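Below is one structure; the comments refer to it alone.
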Amino acid sequence: IRLLWQPPGSLPGELSSRYLLPTYGTVEQTDVALPPAPPLADAVLGDDSFALTQAAQVWHPHLRIPPANLPPLPLERLWQTGGTCGSAPEQFAAPHGAAFSPAGDKLYVADTGNRRVVVYSVDGALEKVITGDPLQEPVDVTVAPDGTLLILDAAAQSIFRLEAGGELTPVPLQTGFYHPRGLDVDTVGNLAVADTGGGRVAIVEPDGTQAGEFGGQGSLLARGQPVDALAGEGVLWAVSAEDGRLWNLNSGGSMTVVQPTGTVDGPQLAELADGRLLVSDPARSTFLLLAAIGEPLGQFAYAGELATPTGIAATRIGDGDVIAVADTRACTLSVWRLAQ
């Protein structure tokens with residue numbers, strides 16, 4: 001028997017056969033020394049208490065277990081809208097991505113089933129409904145540093161910019177996408193696009209030029225189907241739906257963090273002001289708070305409040321973090337304050 005093992009943050013290696021010897025009689029864990037863990041492959045993968053797994057071409061079992069027994073997050077619901085699926089101004093139909101404006105005073109939601117983007121003030125007042133013929137399946141939104149709204153459309157396979165006059169114009173992309181599901185923008189305006197069907201995360205400059213990509217057909221990231229990307233503080237993150245893995249694309253590290261699900265209603269990412277991460281977990285009707293290195297810290301634990309949370313966004317208001325959650329199946333948008 002040849003057994004390969006891969007501790008978090010390390011490369012795959014062969015487990016010595018002396019740890020595979022049969023035992024006779026009762027054996028406790030303390031009776032047999034465990035093999036020493038190999039050193040971290042890369043310091044940016046984590047530390048001694050937590051580390052992502054270095055991506056490698058090794059077989060992964062079909063059963064993947066997300067982190068369990070996480071402490072509940074101390075949350076206070078500020079407001080909620082929707083709850084009945086439909087096309088009226090106060091209703092949603094399969095909402096997905098959400099984003100706050102840089103100033104934190106507006107909240108944008110991709111109302112996918114209604115082919116529109118709905119704009120709210122941070123206190124819950126409906127401000128505007130953005131529609132237009134170009135929108136076929138708007139799945140995610142983000143706001144550029146200059147305040148320009150950017151809309152990712154999975155069916156049109158394009159990114160649309162909302163101009164000052166209200167027109168929707170396509171970003172002149174120099175690359176093509178295949179049913180992309182996630183979008184983010186960094187502090188200088190570069191876009192990170194989860195090109196789901198293309199099995200990659202593409203980096204696109206503000207003028208539409210492709211500056212690079214991670215993954216691609218045949219890669220481990222492609223097998224998991226990336227559904228969102230996050231241009232975080234100094235690191236690019238992605239989450240893949242069909243294996244539920246969080247990816248640090250700069251280091252190649254990853255770990256199973258949410259329950260695997262389909263790509264249409266897959267998990268999404270957001271970042272808090274202090275660098276901590278949020279990831280929605282649609283299959284388990286919750287969302288998780290992660291440390292800046294990806295370590296799971298806590299989870300939403302109010303039973304029955306969420307059905308299929310996909311879109312998630314965060315902003316800093318005063319000295320507190322405010323989190324918005326778009327629930328695709330329940331057709332709701334809820335906003336929560338995270339206690340410090």
Side-chain angles (χ1 to χ4, degrees), residues 50 67 70-83 92 95-110 117-128 140-147 149 183-187 228 230-235 237 239 246 257-258 267-282 284-307 309-327 330 332-340:
F50 170 82
L70 294 174
L73 295 175
L75 294 163
E76 172 196 1
R77 186 167 65 185
L78 300 179
W79 55 270
Q80 179 173 303
T81 188
F92 296 107
H96 282 88
F100 283 99
S101 63
D105 58 338
K106 297 184 187 300
L107 174 59
Y108 302 87
V109 184
V117 173
V118 186
V119 187
Y120 290 88
S121 66
V122 73
D123 60 2
L126 176 62
E127 290 197 352
K128 184 188 301 183
D140 204 4
V141 289
T142 191
V143 185
D146 64 359
L149 176 65
L183 172 73
D184 195 24
V185 62
D186 66 16
T187 55
D228 198 22
L230 174 66
E233 188 65 34
V235 63
W237 297 94
V239 62
L246 173 74
V257 69
V258 299
Q268 299 281 293
L269 294 164
E271 186 179 37
L272 298 180
D274 61 5
R276 289 179 297 172
L277 309 176
L278 296 167
V279 57
S280 61
D281 191 344
R284 294 194 297 167
S285 303
T286 186
F287 62 84
L288 278 62
L289 174 68
L290 313 175
I293 60 173
E295 179 183 4
L297 301 176
Q299 66 178 339
F300 180 90
Y302 298 91
E305 290 289 335
L306 299 175
T310 53
I312 192 162
T315 191
R316 187 82 169 177
I317 298 179
D319 59 354
D321 293 303
V322 174
I323 301 169
V325 182
D327 193 318
T332 62
L333 173 68
S334 57
V335 176
W336 307 78
R337 184 189 305 277
L338 177 64
Q340 299 304 303

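Values in this document were obtained by computation on a predicted structure and should not be read as measured data. These numbers come from the heavy atoms of this one structure, side chains and all, not from hydrogens, waters or symmetry mates.
Considering every non-hydrogen atom in both Gly124 and Tyr120, the closest pair reads O-CD2, 3.6 Å. When all heavy atoms of Ala330 and Ala307 are compared, the closest pair comes out as CB-CB, 4.1 Å. The shortest non-hydrogen separation linking Ala270 to Ile312 is CB-O, 3.7 Å. Between Ala326 and Val109 the shortest heavy-atom distance is CB-CG1, 4.4 Å. Between Val143 and Val185 the shortest heavy-atom distance is O-CG1, 3.2 Å. The shortest non-hydrogen separation linking Arg337 to Ile317 is NH1-O, 4.5 Å.
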**OP:** Go through the steps for Leu78 and Val122 under the test side-chain contact (heavy atoms from CB on, under 4.5 Å), then give the verdict.
**Re:** CA-CA 10 Å; Leu78 300 179; Val122 73; over 6 Å; no
Original post:
Given Thr81 and Leu126, is the side-chain contact (heavy atoms from CB on, under 4.5 Å) satisfied, shown in steps?
Top reply: CA-CA 10 Å; Thr81 188; Leu126 176 62; over 6 Å; no
**OP:** Test Trp336 against Phe287 for ring pair (Phe, Tyr, Trp, His ring centres under 6.0 Å), laying out the working first.
**Re:** CA-CA 12 Å; Trp336 307 78; Phe287 62 84; 7.5 Å; no
Original post:
Between Ile323 and Leu75, does a side-chain contact (heavy atoms from CB on, under 4.5 Å) hold up when you go through it step by step?
Top reply: CA-CA 9 Å; Ile323 301 169; Leu75 294 163; 4.2 Å; yes
Original post:
side-chain contact (heavy atoms from CB on, under 4.5 Å) between Leu246 and Trp237: does it pass, once the steps are laid out?
Top reply: CA-CA 7 Å; Leu246 173 74; Trp237 297 94; 3.7 Å; yes
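Counting only distance, with no hydrogens or angles, the side chain of Ser280 and the backbone of Gln268 share a donor-acceptor pair below 3.5 Å. Listed for the Asp140 side chain is a donor-acceptor partner under 3.5 Å among the backbone atoms of Leu183. A side-chain donor-acceptor contact under 3.5 Å links Thr286 to the backbone of Phe300.
Counting heavy atoms from C-beta on, the side chains of Leu149 and Lys106 never come closer than 4.5 Å. When side chains are defined from C-beta on, Leu269 does not count as touching Asp184, because their heavy atoms never get closer than 4.5 Å. Contact check for Asp321 versus Arg316: side-chain heavy atoms found under the 4.5 Å cut-off. The shortest distance between side-chain heavy atoms of Tyr302 and Pro72 does not fall below 4.5 Å. Between Pro267 and Thr310 the shortest side-chain heavy-atom distance does not fall below 4.5 Å.
Atom CG of residue Asp186 and atom CD of residue Glu233 lie 10.0 Å apart, to the nearest 0.5 angstrom. To the nearest 0.5 Å, atoms CG (Asp327) and CG (Leu333) are separated by 10.0 Å. Taken from OG1 in Thr315 to CG in Leu107, the straight-line distance is 9.5 Å, to the nearest 0.5 Å. Taking CG of Leu289 as the reference point, atom CD of Glu295 lies at 10.5 Å (rounded to 0.5 Å). Note: Thr332 OG1 to Leu306 CG = 6.5 Å, rounded to the nearest 0.5 Å. Here the CG atom belonging to Leu297 is positioned 9.0 Å from the CZ atom belonging to Phe50, to the nearest 0.5 angstrom.
Within a 6.0 Å sphere centred on CZ of Arg284, other residues, nucleotides and ligands contribute more than 12 heavy atoms.
Pairs engaging residues 296-306 under the salt bridge (charged side-chain N to carboxylate O under 4.0 Å, His left out) rule: Arg77-Glu305 [sequence neighbours left out].
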